[in-house]
Number of protein chains: 2
Amino acid sequence: MAGTIRKSARRVTAADVAEAAGVSRSAVSRAFTPGSYLDDGKRRAILRAAKRLGYRPNAMAAILQGGASDLVAIFAGEMPNDFDREVAAALVSGLNAIGKWPLVIGGDEATARRALANVLRYPLEAMILRSGSLDEGVAKSCAKLGVPVISSGRILHMPGVDNVCCRNRDGMADMGRLLIEGGRRRVAFVGGPETFWSAGERRLGLVTALHAAGLTLSADAMGAYTVQSGYDAAADLLAGPPFDALVCANDAMAIGALSLLRDRGIPVPEQIAVVGFDDIAMAAWPAFNLTTVRNPIDTLVETVTDLVQRRVETPTKPDETIAIDVSLVCRGTH
Amino acid sequence: MAGTIRKSARRVTAADVAEAAGVSRSAVSRAFTPGSYLDDGKRRAILRAAKRLGYRPNAMAAILQGGASDLVAIFAGEMPNDFDREVAAALVSGLNAIGKWPLVIGGDEATARRALANVLRYPLEAMILRSGSLDEGVAKSCAKLGVPVISSGRILHMPGVDNVCCRNRDGMADMGRLLIEGGRRRVAFVGGPETFWSAGERRLGLVTALHAAGLTLSADAMGAYTVQSGYDAAADLLAGPPFDALVCANDAMAIGALSLLRDRGIPVPEQIAVVGFDDIAMAAWPAFNLTTVRNPIDTLVETVTDLVQRRVETPTKPDETIAIDVSLVCRGTH
DNA sequence: TTGAAAGCGGTACCAG
DNA sequence: CTGGTACCGCTTTCAA
């Protein structure tokens, strides 16, 4: 369907406004700078002319001149599950709320890698990492350029990086103890490839709790943090030696595993307990009622935005590593 | 936890590279401009020096000078459900793939409104609308500045706006006919407030199909496109006159309704059919097995990114309204 | 092929 | 309080 043909117009500049209002460009600049010396009547006249012409100060010029860019990149990775997408959405809102512009980079590794080189041409105030696999490389590139890096969801031991991360090991250790107290003895785990750093941490927490009780992991499966991969991993595990608890590195996989067990008619939690990590909204739905570990997104976002602000304010402040507390959410699958 | 204290360094400029390589700034600029006259040895020397110093051309200066900004804003709204978040994530990836930088604006209306005024200070190549409530105002502001607007998910009849939208009415009309053919006669609908434009369109499609069969809508409930609101709406409807089909304006609400009916022990689809719209990944899970209308995200993203490119290429091209085909997905709840 | 110089659109520092 | 002016860092003429 065709519609109106439009004309492309040149952007209105301060000079245009100055001419229209019969003042100098300096005056126009002052009219848009709070707390600057300018006759009140003149200021009003300028703002009126600006509004009439549709003038907005060009951010590029202001930034080039030395102003804040307010640009913050988010390296979001592929966002394969709802938790990652929720975090990304919440980060965007949180950054908007503190007056920053999140410039989001997502998609597969090749696209992201290509994007990185180019996005660094923009004067970023910070780079937020949520990707997983490319993190070290990105952090190195940023460090070279003096762009502050905030890694969330995985701890990067590099100078020039602030870290925000939930207590993966503690959370999963608590979960392990809960299962053991509930009488479970043969515990299987569904983790992820090395690029999912948190999977390794969570596994470690579980193993620690098991060891303390004189137990070891019964089986180890590899997932991909998606529902489908949890479904498949559970099927693989069922083909092996029996187990009475299935600990998944995240809720998406736990929900997938739950579905598989239901399909096979295996009673949960009577025969096998199934638990996850994150406490996504879905985990609370009656259809799943999943026992899990709460990984609070709001706290994460607050911590990250706070870190962004403090880092921008004091670029030389020491690096920080902030841990976010998690807590057991006992529902019906353990 | 404290760590290394870092130094904040000045950004490396073309002048620094020029000095290091013993050439003029012009030569440095040329070295980064494909297809420009420059001695090959000199170019190599410059690129080497640039790499050593960690130089990247400053995008702000290039843009100010007249270059492409590659900046595309996405007005994403609150993203209350997984479909919206999936679309946002896919749009981000799609834009990255064509070399654009999605600058995402999300969160509640107040935040978004405040953000709009400021983001227009950046030279945006396009503005993608997914918000719902603020769309007209945003489109007007953009039109005044000559920023192309691409509205997706809701048709805006305004000059200067390209529209991409799925065939909401057709899809829901097909669904209505499917239900009628299946013997359903008392059809209830769960829609949304006026800000959810698609809910009205989908309702219209359903009503059309019902009318053609000499039927009318049995009941009308208002949801908010979230799972919880579907759950609540279904509860409200059950308190009224009986019905044998429950059509929800999106999958999230359908899944909520499904949960409520299960909680109440009402057999689906034997006693009541439940259907949705969008075909989110979850709809296919065995736990829900939802009959729905497929609203293809990949096609949406391709269409939008294509439109962005064509609009940037030819700013004066006529406005377009592109409809995306949808299709019935028959599973187990109808 | 090269360097010098003129902007791009602001901001901030001048002297007035 | 005001207007003029020198930048910010890059691209792109222009003349050499």
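Predicted, not measured: the structure shown is a model, and the values here were computed from it. Numbers restart at 1 for each chain; the letters A, B, ... are given by sequence-line order, proteins then strands.
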In this structure, which one of Asn118(A), Leu71(A), Val104(A) forms a side-chain contact (heavy atoms from CB on, under 4.5 Å) with Trp101(B)? Asn118(A)
Nearest heavy atom decides the nucleotide; on that basis, is Gly66(B) or Ala27(B) closer to the 5' end of DNA chain C? Ala27(B)
Interatomic distance where CG belongs to Leu53(B) and C1' belongs to dG9(D) [whole Å]: 16 Å
Would you kindly compare Leu38(B) and Val12(A) by the position of their nearest DNA chain C nucleotide and give the one closer to the 5′ end? Leu38(B)
Reckon Ser29(B) has a side-chain N or O less than 4.0 Å from the OP1 or OP2 of dC10(D)? no
For atom CD1 of Ile63(B) and atom P of dT12(D), their distance in whole Å: 13 Å
Can you check the Leu64(B) CG to dC7(D) P distance for me, whole Å? 17 Å
Is there a side-chain polar atom (N or O) of Thr13(A) under 4.0 Å from OP1 or OP2 of dG9(C)? no
Would you please confirm or rule out a distance under 4.0 Å between OP1 or OP2 of dT2(D) and any side-chain N or O of Lys42(A)? yes
Can we say Arg311(A) and Asp319(A) salt-bridge, meaning some charged N sits less than 4.0 Å from an Asp/Glu carboxylate O? yes
Figure out the CE/C1' separation between Met60(A) and dG10(C), and round it to whole Å. 12 Å
In whole angstrom, give the distance that lies between atom CG of Asn58(A) and atom C1' of dG9(C). 6 Å
Could you please spell out the steps behind the salt bridge (Lys or Arg N to Asp or Glu O under 4.0 Å) verdict for Asp162(B) and Arg310(B)? CA-CA 11 Å; Asp162(B) 288 313; Arg310(B) 279 164 40 226; over 6 Å; no
Rounded to the nearest 0.5 Å, how far apart are CD of Glu19(A) and CG of Leu53(A)? 10.0 Å
Sugar-phosphate, base or nothing in reach of Arg30(B), heavy atoms under 4.0 Å: base
Test for a donor-acceptor pair under 3.5 Å between the base of dG9(D) and the side chain of Arg56(B), counting only N and O atoms. no
Could you state the atom-to-atom distance from CZ of Arg25(B) to P of dC10(D) in whole Å? 10 Å
Can you find an N or O donor on one side and an acceptor on the other, under 3.5 Å apart, linking the side chain of Thr33(A) with the base of dA12(C)? no
Sole residue of Leu38(B), Thr33(B), Val17(B), Leu47(B) in side-chain contact (heavy atoms from CB on, under 4.5 Å) with Val28(B): Val17(B)
When you check the phosphate oxygens OP1 and OP2 of dG3(D), does a side-chain N or O of Ser26(A) lie under 4.0 Å from one of them? no
Can you tell me the distance, in whole Å, between the CD atom of Glu19(A) and the C1' atom of dG3(D)? 16 Å
Between CD of Gln65(B) and P of dA5(C) the distance, given in whole Å, is 18 Å
With a cut-off of less than 4.0 Å, is there a side-chain N or O of Tyr55(B) near OP1 or OP2 of dC10(D)? yes
